[in-house]
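Hydrogens, waters and symmetry mates are skipped; everything else that's a heavy atom, side chains included, is used.
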Amino acid sequence: GHGEKLSYLFVNQRYAALYGRQPSGVIGKHPKDVLGSEVFSRSHGNMCRAIAGETVTFDLQLEDKMVEVVYHPDVPPPSKARGFVGVITD
């Protein structure tokens, strides 16, 4: 899988704040190091699906709130996905 190769290339201030960080404290990190083991384990399969080229929407419980997460594959034509863009709505 893609578990070991995942890292953040960009995050906005609000996303970083969800995890008590600044964007500079997230960029370059592995998602497991930011999300924590439990949230990462609930998200990883969907991350892999997005990297495989599928748009994935799912609900995710983050401590005291439920959010909707959408992963959009980052696919520069004509190749396969090089990653994905995640959008969280609360």
Side-chain angles (χ1 to χ4, degrees):
H2 303 284
E4 302 78 35
K5 297 179 185 178
L6 295 171
S7 66
Y8 290 94
L9 299 178
F10 170 83
V11 298
N12 64 25
Q13 182 70 39
R14 184 149 182 194
Y15 181 87
L18 274 174
Y19 301 100
R21 299 176 183 235
Q22 292 294 318
S24 61
V26 176
I27 294 168
K29 302 271 192 242
H30 189 280
K32 187 175 186 178
D33 297 332
V34 175
L35 303 174
S37 296
E38 184 184 338
V39 173
F40 177 73
S41 69
R42 289 186 275 135
S43 304
H44 183 244
N46 292 317
M47 292 176 183
C48 291
R49 289 170 57 196
I51 291 169
E54 180 182 349
T55 296
V56 184
T57 302
F58 63 103
D59 292 328
L60 183 64
Q61 184 71 39
L62 295 177
E63 295 187 13
D64 61 344
K65 71 168 98 180
M66 180 69 73
V67 296
E68 178 183 82
V69 180
V70 182
Y71 291 154
H72 299 279
D74 180 15
V75 185
S79 64
K80 59 184 177 180
R82 63 181 174 194
F84 63 91
V85 176
V87 177
I88 297 177
T89 307
D90 61 2

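- The two residues R21 and V26 make their nearest non-hydrogen contact at CD-CG2, 3.7 Å.
- Using cut-offs of 30° and 60° for the angle between ring planes, the Y71 and F58 rings count as perpendicular.
- For the residue pair L60 and V39, the shortest heavy atom distance occurs at CD2-CG1, 3.8 Å.
- The minimum heavy-atom distance linking V34 with Y19 is given by the pair O-CD2, 3.7 Å.
- The backbone N or O of Q61 lies less than 3.5 Å from a partner atom in the side chain of R42, making a donor-acceptor pair.
- To the nearest 0.5 Å, the span separating CD on Q22 from CD on Q13 amounts to 4.5 Å.
- When all heavy atoms are compared, the tightest approach of V56 to A50 is CG2-N, 4.0 Å.
- Between the OG1 atom in T55 and the NE2 atom in H72 there is a gap of 6.0 Å [rounded to 0.5 Å].
- Heavy-atom minimum distance, S7 versus G28: CB-O, 3.8 Å.
- For H30 against F40, the heavy-atom pair with the smallest separation is CE1-CZ, 3.6 Å.
- Put simply, NZ on K65 and CG on L18 are 5.5 Å apart, with the number rounded to the nearest 0.5 Å.
- Here the CG atom belonging to D33 is positioned 9.5 Å from the OH atom belonging to Y8, to the nearest 0.5 angstrom.
- One finds the CG atom of L6 at 6.5 Å from the SG atom of C48 (value rounded to the nearest 0.5 Å).
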